[in-house]
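Indexing begins at 1, ligand by ligand and atom by atom, following the structure's order.
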Amino acid sequence: SEQSTATSRIKNTDDGISMQHEYQDIIVSEISGGVLTITLNRPEAYNALRTQLLSELATVLQQAAADDEVRAVVVTGSEKVFAAGADIKEMAALDAVGVLNDPRVLHWRTIAQFPKPLIAAVNGFALGGGCELVMHADIVIAGDNAQFGQPEINLGIIPGAGGTQRLIRTVGKSMAMQLVLSGEFISATQARDFGLVSEVTIPERTLERATELARKIATKPPIAVRQAKEVLLKAYETTLDSGLSLERKAFTLLAATEDRNEGIAAFMEKRKPNFTGK
Ligand code: DAK
């Protein structure tokens, strides 16, 4: 039930490490191949993003940001639902001042500021805040059973975790308006055609494909990966000219890293690079 504390204990059988994590609303994997996997786990409420869940998610991402062993994070839900949005029952209890002081705003900010690659593996419903969480991911892999939507309008509200701004930048004006004003859902393939999703697969392979990509990214030089994410995301914020200037500066900075010298040397010597994160 909602009150009981579901304890999530994951043991790593690959290498014998058996650290334990305890969370109520999410399951956090061991780090494997540089990848941490976070599974949203409130099946009784379709993974509705109550404050507790968002707080746990933000906490884990903060820890992952500071942990050199974590090179990428995968966030996923169940086979049937990624997340059905904010917890409507929790939201119902808030008046305007409650909404103004909502701690979830800070959790969303933490998620948005996560500096390492965040990959969403989406099966089933990704609605409202769930769709907005998808838009916080850097790469989105969807099962062909996924459905994306911003049905807030049906509740007399509008998207509250960046949906209006990120959606229009991601899918363009007409589709953003269609989703937000009508509350209609779109399919995984439509979402891919509009750039919300990068790949569609069978639901059984969604997490596997996202993990495969995350593990590949985890083998790349981490400073370059982080710079790439930062510079790419700036394209949403700034003019072409200042974006290009930031790119130039990040490119220059990377020339001072050992990994850049190693990458180029390995290419010349026809061998695999050994990146150290320096
Ligand atoms: N919240 C709470 N419970 C939910 C839920 C939600 N968003 N979505 C589903 N559930 C619960 C249902 O109440 C039901 O629980 P019981 O009645 O069995 O106890 C259970 O999950 C299964 O749901 P259904 O029986 O409805 O299942 P169906 O398969 O028939 O339908 C559905 C699935 C996903 C189409 C339907 O459940 C649905 O329409 N859900 C609501 C979707 C929605 O409206 N989402 C938008 C929520 S508003 C903010 C940041 C973000 C937001 C707000 C503020 N700040 C930072 C301030 C975001 C707002 C939203 O996302």
Side-chain angles (χ1 to χ4, degrees), residues 1-4 6 24-26 39-59 61-62 75-114 118 120-137 140 142-171 175-188 190-191 196 203 206:
S1 80
E2 298 232 341
Q3 273 73 37
S4 74
Q24 228 176 309
D25 289 357
I26 60 176
T39 306
L40 311 180
N41 187 38
R42 283 190 76 203
E44 75 284 359
Y46 274 33
N47 292 338
L49 305 168
R50 65 174 170 184
T51 305
Q52 174 75 25
L53 188 153
L54 282 174
S55 158
E56 291 179 3
L57 186 56
T59 300
L61 288 179
Q62 243 160 359
V75 61
T76 194
S78 69
E79 269 181 31
K80 220 170 100 181
V81 58
F82 179 73
D87 190 309
I88 296 173
K89 292 160 198 170
E90 188 183 53
M91 221 165 43
L94 294 180
D95 60 9
V97 174
V99 171
L100 186 69
N101 295 326
D102 196 331
R104 290 178 301 164
V105 174
L106 298 175
H107 302 323
W108 279 107
R109 194 170 299 157
T110 302
I111 298 166
Q113 287 172 351
F114 182 59
L118 181 63
V122 182
N123 282 335
F125 295 112
L127 306 176
C131 190
E132 290 170 305
L133 181 56
V134 165
M135 285 185 268
H136 280 71
V140 183
D144 58 21
N145 66 344
Q147 293 192 68
F148 301 84
Q150 299 287 164
E152 288 90 341
I153 200 75
N154 300 323
L155 304 168
I157 56 172
I158 64 171
T164 61
Q165 303 307 298
R166 287 198 182 86
L167 203 56
I168 205 158
R169 284 165 168 79
T170 308
V171 303
M175 183 50 88
M177 288 284 184
Q178 187 172 322
L179 285 163
V180 173
L181 301 183
S182 80
E184 266 185 22
F185 303 164
I186 56 171
S187 68
Q190 273 177 299
L196 181 58
T206 311

Check your understanding: side chain to side chain contact (heavy atoms under 4.5 Å, CB included) between Asn101 and Val97: does it pass, once the steps are laid out?
Key -> CA-CA 6 Å; Asn101 295 326; Val97 174; 3.6 Å; yes
Review point. Once you round to the nearest 0.5 Å, how far does CG of Leu54 lie from CG of Leu133?
Key: 8.0 Å
Exercise for review: Answer yes or no: is there a side-chain heavy-atom contact under 4.5 Å between Lys80 and Phe125?
Suggested key: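 Sidechains of Phe125 and Lys80: no contact.
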**Study point:** Side-chain heavy atoms of Phe82 within contact of Val134, under 4.5 Å
**Key:**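 Counting from C-beta outward, Phe82 and Val134 do come under 4.5 Å.
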Point to revise | Ser187 and Gln147 side chains, donor-acceptor separation under 3.5 Å | key: no
Without placing hydrogens or testing angles, list every side-chain donor-acceptor pair under 3.5 Å for residues 151-159, not counting sequence neighbours.
residue, atom, partner, partner atom, Å
Glu152, OE1, Gln150, NE2, 3.2
Glu152, OE2, Gln150, NE2, 3.1
Asn154, ND2, Pro151, O, 3.4

**Study point:** Within the 4.0 Å heavy-atom sphere of ligand 1, strictly under, residues
**Key:**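 The answer is Glu44, Ala45, Tyr46, Ala48, Ala84, Gly85, Ala86, Asp87, Ile88, Lys89, Met91, Asp102, Arg104, Val105, Trp108, Phe125, Leu127, Gly128, Gly129, Glu132, Pro151, Glu152, Leu155, Gly160, Ala161, counting any residue whose heavy atom sits under 4.0 Å from ligand 1.
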